[in-house]
Amino acid sequence: MTFPAAPQTRLRAGALRAALGTFGYTRTDQSFQTELYSDVAGLAFEVERNARYAFNGYVAYESGATPDIKFTLAGPEGATGQWGFYTLNQLETGSIGSLEALRLDLINDDSQQQGAAGSASFSSALMCLPRGFIQTAGVGGAVQVRFAQVTTNASATTVKEGSWLHAWQIEKFSV
């Protein structure tokens, strides 16, 4: 099978970056023992102003059955969007049960949050699959994943090394 030759075109660096997207990942395990939200180093991506992005990812975590874990997402001022982390429902135990597919709005005050079950089974090795979209207005900046325990507990809750987010621009608005 042969294919016709494609015409030669120049690929601009900005167009290539937009096509490949932006990527963030955790380089080390990060543990915490509080109900107060903390940024997870590496689980963030940069967005330009006046643009729409889609994102997805993989977040590995360890949490006992008591503290559980909760997530929220912070973005640039004026940004809107919807997201979910597709987590194990908090009412489930033993790493077996229903996924919770909540669709949450992007609001930068931690009020939009999704909890996930912890487990004593399988060495509490759990994961979730974040995805969503964000639309920026006149301000660009970072979109940051934040984590906390649902119930403060002496057992550490840990976001594992190798968790990642990938975002790509799907639309740019002229203003």
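Shown here for Ala74 and Arg146, the closest heavy-atom pair between the two residues is CB-CD, 4.0 Å. Heavy atoms only, all atoms of each residue included: Ala60 and Ser163 are closest at N-OG, 2.9 Å. The heavy-atom pair separating Ala44 from Leu165 by the smallest distance is N-CD1, 4.1 Å. Among all heavy-atom pairs drawn from Gly162 and Tyr58, the shortest one is O-CD2, 4.2 Å. Closest non-hydrogen pair, Ala79 versus Ile134, comes out as CB-CD1, 3.8 Å. Looking at every heavy atom in both residues, Pro76 comes nearest to Gly140 through CB-O, 3.6 Å.
Taking the side chain to side chain contact (heavy atoms under 4.5 Å, CB included) definition, one finds that Ala51 meets it with Tyr53, Thr136, Gln169, Lys172, sequence neighbours left out. Contacts of Phe32 classified as ring-ring contact (aromatic ring centres under 6.0 Å, His included), with partners at least two apart in sequence or in another chain: none. In this view, Arg49 satisfies the side chain to side chain contact (heavy atoms under 4.5 Å, CB included) rule with no residue, not counting sequence neighbours.
Not one N or O on the side chain of Gln135 forms a donor-acceptor pair closer than 3.5 Å with the backbone of Glu171. Using a distance-only test at 3.5 Å, with no hydrogens or angles considered, no donor-acceptor pair links the side chain of Gln30 to the main chain of Lys160. Put simply, the side chain of Gln33 never gets that close to the backbone of Thr152: no donor and acceptor are under 3.5 Å apart. Proximity of a side-chain donor or acceptor of Gln144 to a complementary backbone N or O of Val40 within less than 3.5 Å is detected.
Within the 4.5 Å cutoff, side-chain heavy atoms of Leu73 are placed close to those of Val145. Between Phe55 and Phe133 there is no side-chain heavy-atom pair separated by less than 4.5 Å. A heavy-atom distance below 4.5 Å is not found between the side chains of Val159 and Asp29.
At most 12 non-hydrogen atoms from other residues, nucleotides or ligands lie less than 6.0 angstrom from OH of Tyr25.
The distance between the ring centers of Trp168 and His166 falls below 6.0 angstrom.
To the nearest 0.5 Å, atoms CZ (Phe173) and CG (Asn50) are separated by 8.0 Å. Here the NZ-CZ distance, from Lys70 to Phe147, works out to 13.0 Å after rounding to the nearest 0.5 Å.
Tracing side-chain contacts under 4.5 Å through hydrophobic residues (I, L, V, M, F, W, Y), one reaches Trp164 starting from Leu129; they form part of the same cluster.
Phe71 pairs with exactly one of Phe85, Tyr37, Trp83 by the ring pair (Phe, Tyr, Trp, His ring centres under 6.0 Å) rule, that one being Phe85.
Judged by distance alone, the side chains of Glu161 and Thr26 never bring a donor and an acceptor atom under 3.5 Å apart.
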